[in-house]
Amino acid sequence: MEIFQIAGIGIIATILIIILKQTRPEFTVLVSIVTGVIIFSYLLPKLAYVIDTIRNLSSRVNVDISYFNTLIKIIGIAYLVEFASQICRDADQDSIAMKIELAGKVIIMVLAIPVLLTLLDLIVKILP
Amino acid sequence: MKVDLIFKIAAVGMITAILHIVLEKSGREEYAYLITLVGVIIVLGAVITLVSQLFTDVRVLFRLY
């Protein structure tokens, strides 16, 4: 089970970070970034599998695929924003983390607007 | 997967720290800071390639192009 490896890597990396913190604090951020990347690259094949299955299901139900693509894009952006802002928070740079999150929210809003418009058109059509 | 990268980076960090202290004690502060800079740059190179690999994977996975 990969979960043991992931937990083990996380703990080992934390211990290394504690060792490095007293003498050379610059390396703590670098080690935490590398650990984050390695743990996420464990998840990539699984995430791809989940997304493909959902895509197959939605294509069978002849739902419009473009909304699903927007949804997947929004999830991707949310993950990236979270990844970057957590790294900035680890380095005690909360203001930069806040800026990244603000940018992520704006981009997600821009992506979500077309879906909102089609929803409103649908509602207007339904009303008598 | 690339787990040994974590240990490599930690090792470079410790070596730079030791070199920094040794150089500082022997009275050459400027070399100490140079050594730290070189260590950080080496590790930064490895981390940047790894992060760019992650970003391309995320782009392909989430169709973010």
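Chain letters run A, B, ... following the sequence lines, proteins first, then strands; residues in each count from 1.
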Q: Indicate if A/Ile54 and A/Ile51 have the same hydrophobic cluster label, given that clusters are the connected sets of ILVMFWY residues with side-chain heavy-atom separations under 4.5 angstrom.
A: yes
**Q.** Atom pair CZ/CG of B/Phe62 and A/Asn69 - distance to nearest 0.5 Å
**A.** 13.0 Å
Q: Spell out the residues in residues 40-49 of chain B that have some non-hydrogen atom less than 4.5 Å away from a non-hydrogen atom of chain A, in order of number; otherwise answer 'none'.
A: B/Val40, B/Val43, B/Leu44, B/Val47
Q) By the rule that ILVMFWY residues connect when side-chain heavy atoms come within less than 4.5 angstrom, directly or transitively, which residues belong alongside B/Leu23? A) B/Ile15, B/Leu19, B/Tyr31, B/Leu34, B/Ile35
Q. Relative to chain B, which segment of A/Ile17 carries a heavy atom at a distance below 4.5 Å: side chain, backbone, both, or neither?
A. neither
Q: Say whether B/Val38 and A/Val29 are linked into one hydrophobic cluster, either directly or through other cluster members, by side-chain heavy-atom distances under 4.5 angstrom.
A: no
Q: Check the hydrophobic clustering (I, L, V, M, F, W, Y; side-chain heavy atoms under 4.5 Å; chains of links allowed) and say if A/Tyr67 and A/Leu119 are grouped together.
A: no
Q: Would you mind checking which part of A/Leu30 comes under 4.5 Å of any heavy atom in chain B, side chain (CB onward), backbone (N, CA, C, O), both or neither?
A: both
Q) Between CG of B/Leu64 and CD1 of A/Ile74, what distance do you get to the nearest 0.5 Å? A) 10.5 Å
Q. How many angstroms lie between atom CG of A/Leu47 and atom CG of B/Leu61, to the nearest 0.5 angstrom?
A. 5.5 Å
Q) Going hydrophobic residue to hydrophobic residue with side-chain gaps under 4.5 angstrom, can you get from A/Leu57 over to A/Ile72? A) no
Q.
Please give me the minimum heavy-atom distance between B/Arg63 and A/Lys73, naming the atom from each residue.
A. O-CE, 3.2 Å
**Q.** Sole residue of A/Thr35, A/Val34, A/Leu16 in side-chain contact (heavy atoms from CB on, under 4.5 Å) with B/Ile9
**A.** A/Val34
Q: Determine whether B/Phe55 and A/Ile77 fall in the same hydrophobic cluster, where Ile, Leu, Val, Met, Phe, Trp and Tyr are linked whenever their side-chain heavy atoms lie under 4.5 Å apart.
A: yes
Q. Looking only at heavy atoms, which of residues 78-111 of chain A get nearer than 4.5 Å to chain B?
A. A/Tyr79, A/Leu80, A/Phe83
Q. Using a heavy-atom distance cut-off of less than 4.5 Å, which residues of residues 19-26 of chain A contact chain B?
A. A/Ile19, A/Leu20, A/Thr23, A/Arg24, A/Glu26
Q: Using a 4.5 Å cut-off on heavy atoms from C-beta on, say whether the side chain of A/Phe40 contacts that of B/Asp57.
A: no
